[in-house]
Amino acid sequence: KFAVRKSKTKLLDIGINVGPTGSLNPYAVLLPVDVNGVMVKRATLHNEDYINTKDLRIGDQVIVERAGDVIPKVVDSVVEERNGSEIPFKFPSVCPSCLYKVVRLEGESTVICLNVSCPARLERSIEHFVSKVAMDIQGMGPRIVRILIENNLINNLPDIFQLKINDLIILDGMGQKKAENLVKAINDSKTRPFSNFLVALGIPYLGIESAAILANHFAYMENLVKGTHDELLSLPSIGDKIAQSIIDYFANESNLGTVNALNELGVGIG
DNA sequence: CATACTTCTACGCGCCTATA
DNA sequence: TATAGGCGCGTAGAAGTATG
């Protein structure tokens, strides 16, 4: 097995993932290639500017590298090998999931879908909600999340806590044992620390570290909701971006409704 | 018991934000 | 403007469970 750090392959296509907060994240679909012992068929492209700056075109031969032998990335296109059939990539103007017009805010590199009812956003926000750093609901990975949504068992975050064993047991590949384990995991997650609950909400720029600082200062959701921009800014490692992001989140009626509904189900209190 | 399928975990670099 | 550090990215392999 050769130790190849960089490899050349063909950029077959550029796809778009919709993130939990509606961001449109581009990724490269590659002709599978061995990069230092690993077959790589996909690599992140970060954002619209990254594609434009590198002038990556669909059909290009591209250099793929695994940074630290872990995460693959497209580092360059091989311009000399173009034959004229390569197609420049136009970043989508509508969300690939809900077809709503997307926006790119001044000074931001991220293009986002603002439709709060976007199906892709719902799916990704639930995946994030149940993930390890957030509510840590074991046995509820992306696949199960999709099945639950497809079967109309989940239409929003609070719905997760209404799931019953009998709802789950009828699903494909879900038996008594899995259903029991999932319901138990969901119930256990109700007592996750405030910081993890905050992360679970999916507030842009708010990760576990910043959330821990907020949780430490405010202790309860009702205090945080009342927190002013200045108070947030006074906290270590909370700058204008994160502060504004938090203010924006709690200024949104729909978000407040979600938080209240969760609290009433015994989720994320204390 | 064998097979199929899903989830979980580790990995470490570099974009982006916070801060001086 | 420069430096520090949080955060998320894609893949393989292990661990676990469902099903026949």
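Residue numbers begin at 1 in each chain, while the letters A, B, ... track the order of the sequences.
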Please report, rounded to the nearest Å, how far the [atom2] atom of [N] is from the [atom1] atom of [X].
X        : N      : atom1 : atom2 : result
A/Ile137 : B/dT7  : CD1   : C1'   : 14 Å
A/Tyr50  : B/dC13 : OH    : C1'   : 11 Å
A/Met140 : B/dC8  : CE    : C1'   : 16 Å
A/Asp49  : B/dG14 : CG    : C1'   : 16 Å
A/Lys184 : C/dT17 : NZ    : P     : 13 Å
A/Ile126 : B/dT7  : CD1   : C1'   : 18 Å
A/Lys132 : B/dA10 : NZ    : C1'   : 12 Å
A/Ile246 : B/dT17 : CD1   : P     : 15 Å

* To do: Quick one: which residue pairs count as a side chain to side chain donor-acceptor pair (under 3.5 Å) with a foot in residues 154-165 of chain A, not counting sequence neighbours?
  =>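 Checked against side chain to side chain donor-acceptor pair (under 3.5 Å) - neighbours excluded - the pairs reaching residues 154-165 of chain A are A/Asn152-A/Asn155.
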* To do: Only pairs at least two apart or in different chains count here, so list each side chain to side chain donor-acceptor pair (under 3.5 Å) that has a residue in residues 253-263 of chain A.
  =>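 Counting only pairs at least two positions apart or across chains, no side chain to side chain donor-acceptor pair (under 3.5 Å) contact touches residues 253-263 of chain A.
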* Structure fact -> When the rotation axes relating C1' atoms of four end pairs to the next four are compared across the helix from B/dC1-C/dG20 to B/dA20-C/dT1, five pairs an end, they differ to 10° by 30°
* Comparing A/Gly139 and A/Pro236 on DNA chain B - which has the more 5′ nearest nucleotide -> A/Gly139
* Structure fact -> A/Glu86 meets the salt bridge (charged side-chain N to carboxylate O under 4.0 Å, His left out) criterion, sequence neighbours left out, with none
* **Test salt bridge (charged side-chain N to carboxylate O under 4.0 Å, His left out) applied to A/Arg146 - qualifying residues, sequence neighbours left out** =>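 Testing A/Arg146 for salt bridge (charged side-chain N to carboxylate O under 4.0 Å, His left out), a comparison that skips the adjacent residues, returns A/Glu123.
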* Output all residues satisfying side chain to side chain contact (heavy atoms under 4.5 Å, CB included) with A/Glu264, sequence neighbours left out; order by chain, then residue number. =>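 None.
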* **A/Asn25 and A/His46 side chains, donor-acceptor separation under 3.5 Å** =>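 No, because no side-chain N or O of A/His46 sits under 3.5 Å from a partner of the opposite role on A/Asn25.
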* **Residues in contact with DNA chain B, drawn from residues 141-161 of chain A - heavy-atom cutoff 4.0 Å** =>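 Only A/Gly141, A/Pro142, A/Arg143, A/Ile144 qualify.
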* To do: Please work out which residues in residues 237-244 of chain A have a non-hydrogen atom less than 4.0 Å from an atom of DNA chain B and list them by number.
  =>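 Under 4.0 Å from DNA chain B: A/Ser237, A/Ile238, A/Gly239, A/Lys241, A/Ile242.
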* Structure fact -> Besides A/Val116, the hydrophobic cluster formed by Ile, Leu, Val, Met, Phe, Trp and Tyr side chains linked at under 4.5 Å, directly or via other members, contains none
* Asked: For A/Leu12, what are the other residues in its hydrophobic cluster, where any two members join if their side-chain heavy atoms are less than 4.5 angstrom apart?
  -> A/Tyr27, A/Val29, A/Leu31
Any heavy-atom pair between the side chains of [Y] and [X] that's under 4.5 Å?
X        : Y        : answer
A/Arg104 : A/Asp49  : yes
A/Glu81  : A/Lys8   : yes
A/Leu148 : A/Met140 : yes

* Asked: Would you call A/Asp55 and A/Arg57 a salt bridge, taking side-chain N to carboxylate O under 4.0 Å as the test?
  ->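 The answer is yes: the pair qualifies as a salt bridge.
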* Go along nucleotides 6-12 of chain C 5' to 3' and tag each nucleotide: B for a protein heavy atom under 4.0 Å from its base, S when only backbone or sugar atoms are that close, - otherwise. => SS-BBSS
* Return no unless some side-chain N or O of A/Asn47 is found under 4.0 Å from OP1 or OP2 of B/dC16. => yes
Could you give the side-chain donor-acceptor pairs of residues 205-218 of chain A under 3.5 Å, partners two or more places apart or in another chain?
{"residue": "A/Tyr205", "atom": "OH", "partner": "A/Glu108", "partner atom": "OE1", "Å": "3.0"}
{"residue": "A/Tyr205", "atom": "OH", "partner": "A/Glu108", "partner atom": "OE2", "Å": "3.4"}
{"residue": "A/His217", "atom": "NE2", "partner": "A/Glu231", "partner atom": "OE2", "Å": "3.1"}

